[in-house]
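To keep things clear, I will list the structure first and then write my remarks on it.
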Amino acid sequence: MSNFVDVAGIFGENVFNDRVMQEKLPKKVYKELHKTIDDGKELDAITAEVVAAAMKEWAIEKGATHYTHWFQPLTGFTAEKHDAFITAPDADGSMQLEFSGKELVKGEPDASSFPSGGLRATFEARGYTAWDCTSPAFVRQNETGAILYIPTAFCSYTGEALDQKTPLLRSMEAIQTQTLRLLRLLGNTTSKKVRPSVGAEQEYFIVDRQKYLKRKDLIFTGRTLFGAMPPKGQELDDHYFGVIRPRIAAFMDDVNKELWKLGVSAKTQHNEVAPAQHELAPIYAECNVAVDHNQIIMETLKNVAESHGLQCLLHEKPFAGVNGSGKHNNWSLTTDDGMNLLDPGKTPHENIQFLMILTCILRAVDRHADLLRESASDVGNDHRLGANEAPPAIISVFLGDQLQDVLSQLISTGEATHSLKGGTLHTGVRTLPDFAKDATDRNRTSPFAFTGNKFEFRMVGSRDSVAECNVVINTIVAEAFSDACDVLEKAEDVQMAVHDLIKEYASEHQRIVFNGNGYSDAWVAEAERRGLSNITSMVDAIPALVTEKSVALFEKFGVFTRTELESRVEIQYEAYAKALNIEARAMIDIASKSVVPAVLRFNRSLSDTVNSMKTAGVDIEVPLEMLRESCSLLAEAKQALKKLEKSADEAAVMEAGREQAVFYHDVVSADMEALRAPVDALEMIVDKEEWPMPSYGDLLFEV
């Protein structure tokens, strides 16, 4: 049987993309729609009606019976409400299928049940979804049938953003405006559009679904709250880039096909470092589309896994003791006439435009490191960042030897006269070719690393939307460009002013540049000496959103209002507290109803064995010692359980906000660890047949 897949034939077949629009829309309507997509022109009602009719007919051809405004509320997930194309029956009982321009452009979901951070009272229910025509609609086919998905923004009745997409689009407008302003001053008169380009690498775990369903902790929280390490973990490094197992390969094959149909250019797949961990990476796309595509990727991974009897785990740390999962956000700036503004060229010391942009980015990251750190804040990421498996919680920038050398020349002499060359790599084998090597190595320990023609922000958690970090990157860089333009526009000699600014920014912000080992204790001490912050938890990162510096930044560029920022702070504290409350309650439930009874049964059996051996005159020291250890650990677990119950109850009645979140972080999470320790030790003693849940070994190695 042939396994041939016509990738070119199926790619984008379920997307209302530009090719379909050219085919389905009248030329005049197509041009008018593109004025909205490309130039931000307001979409008129007549154009919307024609587009809606064409989109409906195309979707029905694909088998769609319903449509949905697909949006990204502040829950960490996407949201959708399905409406049928049908209308009220005619007098003769016949049915019409309709979809108006108004229905395409605007929806009205109930906003009262989505997080608003106090922006809306519970009884104030009205909210709006607005069509984002820059991200193409698509048809998704699943158990509910075929549904037309329309990407939308989501805002309140009073206009505040209640989602991830709205501020992202605002930030994209801000960086385009300021980048074009800078490019004009640098002599570029041809580029008309600038867009941040993003590629989000997605890490994830795959386990057997039947074993997953026997783990209440995974079901309720996405991570294992208990679990002893198996004899083998990731220490042999044999899983990374290893041969993909047949069951996983079949899953990946179906994931690729589904993503290709939806226009997501899934390109790279491989085994990651931890057992049962994998990665998928798409080709870069315009920032807004890339964010939507990453949501599609996460949902597709989960849906396809279930169809294969598997479970996809997107939690940042589903297993203690093995590497967790992140998401690498690769960011660059591209123009409509084909330039990557982060491409240094072969002689970066001569590329004044690149050096101006580079040093502006250094300034942006140094000034707003706290915001970048906050953009990667997540309950699960607290288990991962700084744990020698992911970037440290200290924000720094890796430039590599070549760019570091250029900046050092500028700082020391005021002029860069040369760029380091990569040279030739000689393999020492006659049958293998020698090849040119890069002038700079890579650094996997850096949170914000330059990797040739882009910056890779490595801190984002695997479950998180990449919208938030890109909102921050876009906005802080827009500010840096704006500040530079303010200086250059007043200069008598722009060329000299550019040179002076590059040197000034390189000198003032060199503290943020670090090319060494971000995992080392020496770097923690060095970072402190440099005055760089080390924000180790989500609850400590959240306040960065509402510093006067941050509020001024976001309000200047119209990305957030102070009220919107304050609402997001409230939402994040509440989300942290709720997540820890669920984890604590799950631990209490599992320990009380499953672990303690299992250990009691084991101890009873062991006690019977000791008595039988004693009666028979056999040496009982070994089983007796096991019984003593088991009883001691059980007593420790029951004491820790009572303490956790008390602190969880105390936390639950506290008023929502920072104080409650801090209590969960400082007290409840510590009590959870105190309960986990004896339970994990008991797992190593109790008969496997008695233990109430699949082990790490069962989950990580039996797929």
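Quick caveat: nothing in here was measured; it's all calculated off a predicted structure.
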Next on the checklist: With a 6.0 Å cut-off on the ring centroids, do H82 and H69 count as close?
Outcome noted: no
Checklist entry - How long is the gap from CD on Q311 to CG on L301, to the nearest 0.5 Å? => result 11.5 Å
Item to check | Distance flag, aromatic centroids of W331 and F457, threshold under 6.0 Å | outcome: no
Next on the checklist: If you count every heavy atom of other residues, nucleotides or ligands that lies below 6.0 Å from E528 atom CD, does the total exceed 12?
Outcome noted: no
Checklist entry - Got a donor-acceptor contact below 3.5 angstrom from the T300 side chain to the I296 backbone? => result yes
Next on the checklist: Would you say that more than 12 heavy atoms from the other residues, nucleotides or ligands in this model lie under 6.0 Å from the CD of E690, or not?
Outcome noted: yes
Checklist entry - Any luck finding a side-chain donor-acceptor pair between D382 and S537 under 3.5 Å? => result no
Checklist entry - Salt bridge or not for R568 and E564, using N-O below 4.0 Å? => result no
Next on the checklist: Tell me whether the rings of F554 and F560 are parallel (<30°), tilted (30 to 60°) or perpendicular (>60°).
Outcome noted: perpendicular
Item to check | Side chains of I219 and Y212 in contact at under 4.5 Å (non-hydrogen atoms) | outcome: yes
Checklist entry - Taking atom CE of M654 as the centre, does the number of heavy atoms from other residues, nucleotides or ligands within less than 6.0 Å exceed 12? => result yes
Item to check | Contacts of type salt bridge (Lys or Arg N to Asp or Glu O under 4.0 Å), residue R585, not counting sequence neighbours | outcome: D649
Item to check | Of V397, V365, N329, V477, the residue whose pairing with F455 passes side chain to side chain contact (heavy atoms under 4.5 Å, CB included) | outcome: V397
Checklist entry - Under 30°, 30 to 60°, or over 60°: which ring-plane class applies to F154 and F114, parallel, tilted or perpendicular? => result perpendicular
Checklist entry - In Å, rounded to the nearest 0.5 Å, how long is the span from CZ of F226 to CG of L682? => result 10.5 Å
Checklist entry - Is it true that K549 and D370 have a side-chain N and a carboxylate O under 4.0 angstrom from each other? => result yes
Item to check | Residues K165 and D132 bridged, charged N to O under 4.0 Å | outcome: yes
Checklist entry - Would one find more than 12 heavy atoms of other residues, nucleotides or ligands at under 6.0 Å from atom NZ of K556? => result yes
Checklist entry - Is E659 atom CD crowded by more than 12 heavy atoms from other residues, nucleotides or ligands, each under 6.0 Å away? => result no
Checklist entry - What distance separates L545 CG from L565 CG, expressed to the nearest 0.5 Å? => result 6.0 Å
Next on the checklist: Does K211 have more than 12 heavy atoms from other residues, nucleotides or ligands lying within 6.0 Å of its NZ?
Outcome noted: yes
Checklist entry - Side-chain donor-acceptor pair under 3.5 Å between S156 and T158, yes or no? => result yes
Next on the checklist: The criterion is salt bridge (Lys or Arg N to Asp or Glu O under 4.0 Å); which residues satisfy it with D83, sequence neighbours excluded?
Outcome noted: none
Checklist entry - Does D464 come within less than 4.0 Å of K327, counting only side-chain N to carboxylate O? => result no
Checklist outcome for this item: With L385 as partner, the option from R458, M538, E316, M459 fulfilling side chain to side chain contact (heavy atoms under 4.5 Å, CB included) is M459
Next on the checklist: Just checking E173: does its CD atom have more than 12 heavy atoms from other residues, nucleotides or ligands closer to it than 6.0 angstrom?
Outcome noted: no
Next on the checklist: With a 6.0 Å cut-off (strictly less than), is the heavy-atom count around NZ of K642, excluding the residue itself, greater than 12?
Outcome noted: no
